[in-house]
J.: 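Got a structure for you, questions after.
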Amino acid sequence: MMPSPPPRNRPSTVYEPNRGEPQILMCPPDFYGIEYEINPWMSRHKQADHGLAVLQWNSLRSTLHDAGAQTLLLKPVEGLPDLVFTANAAMIYRNHAVLSRFRHAERQGEEAYNEAWLKSAGFTIHQIVEGVYFEGAGDALFCGDTLFAGYRIRSDVHGHQQIGAMFACRVIPLELVDPYYYHLDTCFCPLAPGVAIYFPGAFDEYGRRALKEAVDELIEVDADEARRFACNAVVVGRTVVTNTGCPKLHDALGKRGFTCRETPLDEFVKAGGSAKCLTLRLDGEEAAGWKHTS
Ligand code: ARG
């Protein structure tokens with residue numbers, strides 16, 4: 001039975017998993033701003049330009065529409081400036097949503113809104129065990145049948161183990177060692193089963209080795225483009241959408257048959273996020289093996 005959703009944040013469109021078109025959850029930046037500092041990108045002295053942030057968000061949204069995706073909207077909430085980063089709402093596996101439990105108190109207020117939206121959209125909700133932090137698709141990404149899971153700076157490794165047991169999938173934990181790359185989606189992006197991009201400097205020796213062993217085609221991003229959030233890409237079919245300033249990556253992907261699109265996202269980089277962080281794929285990332293099997 002569907003529980004009745006709280007009235008404050010109902011989905012604008014109901015999630016229908018079988019429609020066949022890519023579906024992405026976004027949250028308009030009405031209340032976005034740099035109100036606190038929970039990662040090294042953020043400084044209250046480098047405030048985001050609100051008007052420009054709105055333009056950039058709209059342009060990302062239309063770029064995703066052009067790539068063939070449909071966007072669904074989470075209603076923005078005053079006092080929750082990072083709610084725009086819907087990648088951190090939950091991790092999606094088929095019709096299951098594993099909710100985030102944020103490490104920082106500043107973001108914990110988002111949890112109830114994420115839960116309400118995902119519940120009313122029809123997802124089966126799962127919680128990570130009490131006392132363990134987990135930051136959703138920001139730190140847990142499928143490439144083929146394997147879940148790649150970033151831990152230490154935000155998510156705890158225990159949460160990833162719980163998810164592996166829950167969905168009977170292989171989990172490769174990757175320790176994140178550079179505070180600028182505090183979520184896995186800032187330094188690793190699966191593009192298709194067996195294909196991913198990554199920034200080696202964000203991982204330790206073990207992590208780099210684990211990635212090389214587990215991903216057939218691992219495409220390296222250099223430090224300059226990693227800083228432009230090249231790895232924080234949204235993949236829709238064979239289209240890859242990133243922030244501006246990632247020409248080397250675009251070139252490398254173009255040679256492999258991907259179509260790359262760029263759209264300026266500097267106002268969100270000020271909060272430590274870019275294209276991928278601003279989206280949550282509801283029907284399964286292109287690279288997720290389970291998406292291609294029923
Ligand atoms: N200011 C946000 C934070 O530090 C940015 C989140 C970016 N999201 C992401 N999936 N990497 O939590």
Side-chain angles (χ1 to χ4, degrees), residues 24-29 31-48 50 53 56-57 60 64 74 76-77 79-92 97-111 113-114 133-142 147-156 159-160 174 176-190 197-199 202-203 221 226-235 241-243 265-282 285:
I24 294 175
L25 179 66
M26 293 182 75
C27 173
F31 304 109
Y32 169 70
I34 314 298
E35 292 177 16
Y36 45 77
E37 296 166 10
I38 57 170
N39 68 54
W41 301 88
M42 300 175 92
S43 162
R44 270 164 295 190
H45 307 295
K46 279 200 290 169
Q47 197 45 248
H50 187 73
Q56 293 184 348
W57 186 89
L60 172 64
L64 297 174
L74 174 68
V77 178
L80 296 176
D82 278 342
L83 196 63
V84 289
F85 297 113
T86 51
N88 298 125
M91 187 207 90
I92 303 297
V98 183
L99 290 180
S100 288
R101 182 173 300 116
F102 288 96
R103 182 171 295 273
H104 296 285
E106 289 88 339
R107 295 199 66 183
Q108 287 166 359
E110 298 175 32
E111 291 167 13
Y113 294 96
N114 294 330
Y133 298 115
F134 173 67
E135 299 203 355
D139 268 334
L141 298 164
F142 279 98
L147 184 67
F148 291 85
Y151 73 95
R152 198 172 73 90
I153 302 180
R154 294 296 181 86
S155 300
D156 290 318
H160 299 319
L174 299 162
L176 302 177
V177 300
D178 180 337
Y180 278 92
Y181 302 99
Y182 58 94
H183 277 142
L184 183 64
D185 70 358
T186 62
C187 50
F188 174 71
C189 179
I197 55 180
Y198 84 128
F199 170 53
F203 301 93
V221 165
R227 281 232 157 210
R228 295 293 300 158
F229 275 90
C231 296
N232 200 247
V234 186
V235 186
V241 181
T242 69
N243 187 20
L265 290 163
D266 295 278
E267 296 314 306
F268 297 97
V269 171
K270 290 176 180 170
S274 185
K276 175 58 185 276
C277 303
L278 292 165
T279 66
L280 180 67
R281 183 74 181 260
L282 295 168
E285 304 277 358

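Starting from 1, each residue takes its place in the sequence as its number. Order of appearance sets the numbers: ligands from 1, and atoms from 1 within every ligand.
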J.: So, using salt bridge (Lys or Arg N to Asp or Glu O under 4.0 Å) as the criterion, who are the partners of R227 when residues are at least two apart?
T.: none
J.: Residues in ring pair (Phe, Tyr, Trp, His ring centres under 6.0 Å) with Y182, at least two apart?
T.: none
J.: Under a 4.0 Å threshold between the charged nitrogen and the carboxylate oxygen, would E111 count as salt-bridged to R101?
T.: no
J.: Can you tell me how the ring of F85 sits relative to the ring of F268, calling it parallel under 30°, perpendicular over 60° and tilted otherwise?
T.: perpendicular
J.: Taking ring pair (Phe, Tyr, Trp, His ring centres under 6.0 Å) as the definition, give me every residue that meets it alongside F229, ordered by chain and number, with sequence neighbours left out.
T.: W41
J.: May I ask you to decide if the ring planes of Y198 and F203 are parallel, tilted or perpendicular, using 30° and 60° as cut-offs?
T.: tilted
J.: Could you pull out every protein residue that has a heavy atom closer than 4.0 Å to ligand 1, ordered by chain and then number?
T.: I38, N39, M42, D82, F85, A87, N88, R107, G138, R154, Y182, H183, D185, T186, A271, G272, C277
